[in-house]
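Beneath this line is the structure, given in structure tokens, with notes to follow.
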Amino acid sequence: MLSRLSEWFWNERLWFPEGLGWADLEDRDGLTYSKASDLWVTLPIALAFLIIRQIFERTVATQLAAALGVKEKVRVKAAHNLTLESYFRITSKNPKQSEIESLGKKTGYSESQIHRWFRRRRNEERPNKLKKFREASWRFTFYLLAFIAGLAALIDVSIKHPLLPSQYWYYMIELGFYMSLLFSVASDVKRKDFKEQIVHHVATILLISFSWCVNYIRAGTLIMLVHDASDYLLESAKMFNYAGWRKACNYIFIIFAVIFIITRLVIFPFWILHCTLVYPVTVYPPFFGYYFFNGLLFVLQCLHIFWAVLILHMAIKFLPGNNIVEDERSDREETDTEDDEEEQEDRKAPMKNGPVQNGHSPLNNNHHRKTE
């Protein structure tokens, strides 16, 4: 059964146009071509990335955060309550009004106290600013180096060409990195476009793997280069945002938005996607690999449009009267301001002559993303 499935999967008629096959990619005359077996090396590379990332975030990123003045504001923790904690973990983190009344009877808390408890408890599970800064620093470093490496690996040759060492390592490192992102997605900061990010990582891994196996090296290099061209700017904007450098963040975000629109909504669809759709059928009749490859590219283009809409929403913040660009994907931290005022009102009676404070100031947890 497995042998038949393998034979069907590697059928030349699926992945190659008529007249070409796996034999055309065999090494000969001193020339080397890409092979599917090469992809096994990406697994240890992905594992190495996970280890290097942990070391980087705990050393370099932490020191950089301190240098830029990234400070984490102390959060008010929810009071220990077994009934509310059990409900929070098992039933819901956002109880309805009827459920709040029921919880009030069980705990003796008022509605405002229960609202405050759940708000503070939800905040406890949200990632802190330092964690976000570390993640952004790691992605910024990789995307910048990957963009430089992509420029070095890109050469003007025909689609069917022998493999160069620079292309080999560029492919393996890029694929290993995206695999590491997929492995670490559960522990990374989860944003509102979490599902779209998963789709993006899977589609990218399939695209890189497929283009490698059938020797679409130039097309694959161009696609990776187009994506890396703007990503490092986004991560650097987020880093400055977490550090409170608003003007630097906004300026970098403007540059990022312009490059993103040009590369993802102009170059990618009207140059790369046009070439992969139009040029091949002028030489060979369409085949399964042709539809598979372009189908994945179309999925990426849909994601580009989705993120472009988010970027435009954020760009509106630059209009007069708006000074900060917020991440449309961000899960904003909730504040206790109103509840604390009510709590202080409750304390006002026995403390008539005592000072009454204004409660906790809202935590500003804004950051920038097209993303993620």
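Side chains included, hydrogens not; waters and symmetry mates left out as well; all remaining heavy atoms used. For this chain, numbers begin at 1 and follow the sequence in order.
L145 and V60 are not part of a single hydrophobic cluster, where members link through side-chain heavy atoms under 4.5 Å apart. I173 and L151 fall within a single hydrophobic cluster, where Ile, Leu, Val, Met, Phe, Trp and Tyr are joined by side-chain heavy atoms under 4.5 Å apart, directly or via other members. Taken together through direct or relayed side-chain contacts under 4.5 Å among Ile, Leu, Val, Met, Phe, Trp and Tyr, L39 and V214 form part of one hydrophobic cluster. Residues I305 and I262 are members of one and the same hydrophobic cluster, defined by side-chain heavy-atom contacts under 4.5 angstrom among Ile, Leu, Val, Met, Phe, Trp and Tyr. Cluster annotation: V281 is connected to V283 through the hydrophobic network of ILVMFWY side chains, with a link wherever side-chain heavy atoms come within less than 4.5 Å.
Contact annotation: the side chain of F133 approaches that of S137 to within less than 4.5 Å [non-hydrogen atoms, C-beta and beyond]. L297 is listed as a side-chain neighbour of N294, based on a closest heavy-atom distance under 4.5 Å. L300 places none of its side-chain heavy atoms less than 4.5 Å from the side chain of R264. Using a 4.5 Å heavy-atom threshold, the side chains of L225 and F147 count as touching. Between R139 and L234 there is no side-chain heavy-atom pair separated by less than 4.5 Å. Between I267 and L222, every side-chain heavy-atom pair lies at or beyond the 4.5 Å cut-off. Using a 4.5 Å cut-off on side-chain heavy atoms (C-beta onward), H200 and W307 make contact.
Between H304 and H227, a ring centre-to-centre spacing shorter than 6.0 Å is recorded. Ring centers of F142 and F49: under 6.0 Å apart, within the cut-off. You'll find the ring centres of F293 and Y216 inside the 6.0 Å limit. A distance of 6.0 Å or more separates the ring centres of W117 and H80. Checked against a 6.0 Å centroid threshold, the rings of F288 and Y291 do not count as neighbours. A distance below 6.0 Å separates the ring centres of W212 and Y168. Taking the six-membered ring for Trp and the full ring otherwise, the centers of W15 and F292 sit less than 6.0 Å from each other.
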Step by step, would you call S211 with Y171 a side-chain hydrogen bond (donor to acceptor under 3.5 Å, both in side chains)? CA-CA 10 Å; S211 63; Y171 254 81; 3.0 Å; yes
Residue pair I100, F118: steps toward the side chain to side chain contact (heavy atoms under 4.5 Å, CB included) verdict: CA-CA 10 Å; I100 290 177; F118 275 93; 5.9 Å; no
Between S184 and R53, is the side-chain hydrogen bond (donor to acceptor under 3.5 Å, both in side chains) condition met? List the steps. CA-CA 10 Å; S184 64; R53 174 179 175 174; 3.2 Å; yes
Could you please spell out the steps behind the side chain to side chain contact (heavy atoms under 4.5 Å, CB included) verdict for F88 and R122? CA-CA 9 Å; F88 181 87; R122 287 192 295 268; 3.8 Å; yes
Please report the C-alpha distance between K105 and E101 in whole Å, then the side-chain angles of each, then the deciding distance to 0.1 Å, and finally whether the salt bridge (Lys or Arg N to Asp or Glu O under 4.0 Å) criterion is met. CA-CA 6 Å; K105 294 178 181 179; E101 296 174 359; over 6 Å; no
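Scanning all heavy atoms of the two residues, the minimum distance from S230 to F260 falls at OG-CD1, 3.9 Å. Listed here is the closest heavy atom pair of A146 and D228: CB-OD2, 3.5 Å. Between I272 and V226, the shortest heavy-atom contact is CD1-CG2, 3.6 Å. Of all heavy-atom pairs between S236 and I252, the closest is OG-CG2, 3.4 Å. Listed here is the closest heavy atom pair of T83 and N81: N-OD1, 3.1 Å. Summarising the geometry of A46 relative to F183, their closest heavy-atom pair is CB-CE1, 3.9 Å, with the distance given to 0.1 Å.
Here the side chain of D38 pairs a donor or acceptor atom with the backbone of K35 at under 3.5 angstrom. Panel note: side chain T62, backbone E57; a donor-acceptor pair is recorded below 3.5 Å. Under a 3.5 Å cut-off, the side chain of Y87 and the backbone N or O of L82 do not form any donor-acceptor pair. A donor-acceptor distance shorter than 3.5 angstrom exists from the side chain of E99 to the backbone of K96, with no hydrogens or angles considered.
Side-chain contact check for Y232 and T141: no donor-acceptor pair (N or O, by modelled atom type) lies under 3.5 Å.
The pair E85-R89 meets the salt-bridge criterion, with a side-chain N (NZ, NE, NH1 or NH2) lying under 4.0 Å from an Asp/Glu carboxylate O. A salt bridge is defined here as a Lys NZ or Arg NE, NH1 or NH2 lying under 4.0 Å from an Asp or Glu carboxylate O, and E235 with K238 meets this definition.
Going from atom CG of L312 over to atom CD1 of I261 covers 5.5 Å, rounded to the nearest 0.5 Å. A distance of 6.5 Å separates CG in L233 from CD1 in I255, rounded to the nearest 0.5 Å. Atoms OG1 and OH, on T204 and Y178 in that order, are 5.5 Å from each other to the nearest 0.5 Å. Put simply, CD1 on I45 and CE on M172 are 7.0 Å apart, with the number rounded to the nearest 0.5 Å. The distance from atom CD1 of I223 to atom OG1 of T276, rounded to the nearest 0.5 Å, is 6.5 Å.
Heavy atoms of other residues, nucleotides or ligands lying less than 6.0 angstrom from CZ of F56 number more than 12.
Between W138 and F177, the ring planes are tilted. Angles from 30° to 60° get that label. Relative ring orientation between W245 and F240 is described as tilted, the plane-to-plane angle lying within the 30° to 60° band.
Evaluation of the side-chain hydrogen bond (donor to acceptor under 3.5 Å, both in side chains) rule for Q63 yields no partner, not counting sequence neighbours.
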